[in-house]
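Heads up, the thing below is written out as structure tokens.
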Amino acid sequence: EEQFKILTEAGRQDLSTQTYTYDATLDTFDVLEAKICTNGIETIVPKEKMEDKPLASDPIGLRQNHQILIPFERVTVGSIIQLKTKRCHFKPQYENYFAGSQTFNNGNLWTNTRLTIDSELPLFLKINDPRKILDVKCSEEGSNHRLEVNLKEKVCENLVHEPSNSYQP
């Protein structure tokens, strides 16, 4: 779930269209809800306006990359964009292996984030949290493993000329 408040004209231009990519041979990606609130008036983005189209895939043909485009109309400074999405990894790239990352370094102000991963396989984590801004909880119920990561405080970073991301929970 994501929520963006548009603070400037540059933010309006940058956030009025959201895109997500996924590999359809490994994942499903669903937009559960997309809406905008401007001056107290809530507008839901209809599913018909969202586009899910294939992208040029790798030359070997092992992947089917798709891009979902969500257009938000009549976005103004002060508007609030709300998105609820769900990504399901139904097939690992390698047997018994999964890798993923969450970063907070795109220049946006992150005020609240919740990441949940449910797995039938045990989870092995590598977390880079030098500022101690993440609340990380792992739990097990039988053969099910769950990772929950919550952002404890606001963060706004924009990496420049970095070879890799700073935060990778």
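This is a predicted model, so every value here is computed, not measured.
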Original post:
Are M50 and V75 joined in one hydrophobic group, where the rule is that I, L, V, M, F, W and Y side chains link up if heavy atoms are under 4.5 Å apart?
Top reply: yes

Subject >> Lys/Arg-Asp/Glu bridge criterion (N-O < 4.0 Å) met for R146, E141 >> reply: no

Original post:
Distance from I70 atom CD1 to L15 atom CG, nearest 0.5 Å?
Top reply: 12.0 Å

**OP:** Calculate, to the nearest 0.5 Å, the distance between atoms CD and OG1 belonging to Q18 and T85 respectively.
**Re:** 10.0 Å

Original post:
Got a donor-acceptor contact below 3.5 angstrom from the D30 side chain to the L32 backbone?
Top reply: no

Subject >> Inter-residue atom distance R131.CZ - E153.CD, 0.5 Å rounding >> reply: 9.5 Å

**OP:** Would you indicate whether the side-chain heavy atoms of E73 and K49 approach each other to under 4.5 Å?
**Re:** yes

Subject >> Salt bridge K35-E42, side-chain N to carboxylate O under 4.0 Å >> reply: yes

Original post:
Side chains of L134 and N150: closer than 4.5 Å at any heavy-atom pair?
Top reply: no

Original post:
Would you say N144 and E120 make side-chain contact, with heavy atoms under 4.5 Å?
Top reply: yes

Original post:
Is it true that R87 and D27 have a side-chain N and a carboxylate O under 4.0 angstrom from each other?
Top reply: yes

Original post:
Got a donor-acceptor contact below 3.5 angstrom from the S16 side chain to the R12 backbone?
Top reply: yes

Subject >> Step-by-step side-chain contact (heavy atoms from CB on, under 4.5 Å) determination, H145 to E140 >> reply: CA-CA 5 Å; H145 304 271; E140 293 180 35; 3.3 Å; yes

Subject >> Single-linkage hydrophobic cluster, 4.5 Å side-chain cutoff, L125 and L115 together >> reply: yes

Subject >> Same apolar cluster (I L V M F W Y, side chains within < 4.5 Å links), V31/I80 >> reply: no

**OP:** Identify whether Y20 and V45 are in the same connected component of the hydrophobic contact network (ILVMFWY, side-chain heavy atoms under 4.5 Å).
**Re:** yes

**OP:** Return yes when atom NZ of K152 has more than 12 non-hydrogen atoms of other residues, nucleotides or ligands closer than 6.0 Å, and no otherwise.
**Re:** yes

**OP:** Measure the CG-CZ distance between L83 and F72 for me, rounded to the nearest 0.5 Å.
**Re:** 4.0 Å

Subject >> Check: E1 and R114 side chains under 4.5 Å, non-hydrogen atoms >> reply: yes

**OP:** Would you tell me whether Y22 and D52 have side-chain atoms, one donor and one acceptor, within less than 3.5 Å of each other?
**Re:** yes

Original post:
Do V136 and I127 touch side chain to side chain, with heavy atoms closer than 4.5 Å?
Top reply: yes

Original post:
Roughly how far, to the nearest 0.5 Å, is NE2 of H89 from CG of L26?
Top reply: 9.0 Å

**OP:** Compare all side-chain heavy atoms of T43 with those of R74 and state whether any distance is below 4.5 angstrom.
**Re:** yes

Original post:
Going from OG1 on T21 to CG on L69, what distance comes out if it is rounded to the nearest 0.5 angstrom?
Top reply: 12.0 Å

Original post:
Okay, side chain of T8, backbone of G11: is any donor-acceptor separation there less than 3.5 Å?
Top reply: yes

Original post:
Would you say N128 and P130 make side-chain contact, with heavy atoms under 4.5 Å?
Top reply: yes

Subject >> Main-chain N/O of Q64 paired to D23 side chain as donor or acceptor, under 3.5 Å >> reply: yes

**OP:** Assess whether atom NZ of K47 is packed by more than 12 heavy atoms of other residues, nucleotides or ligands within 6.0 Å.
**Re:** yes

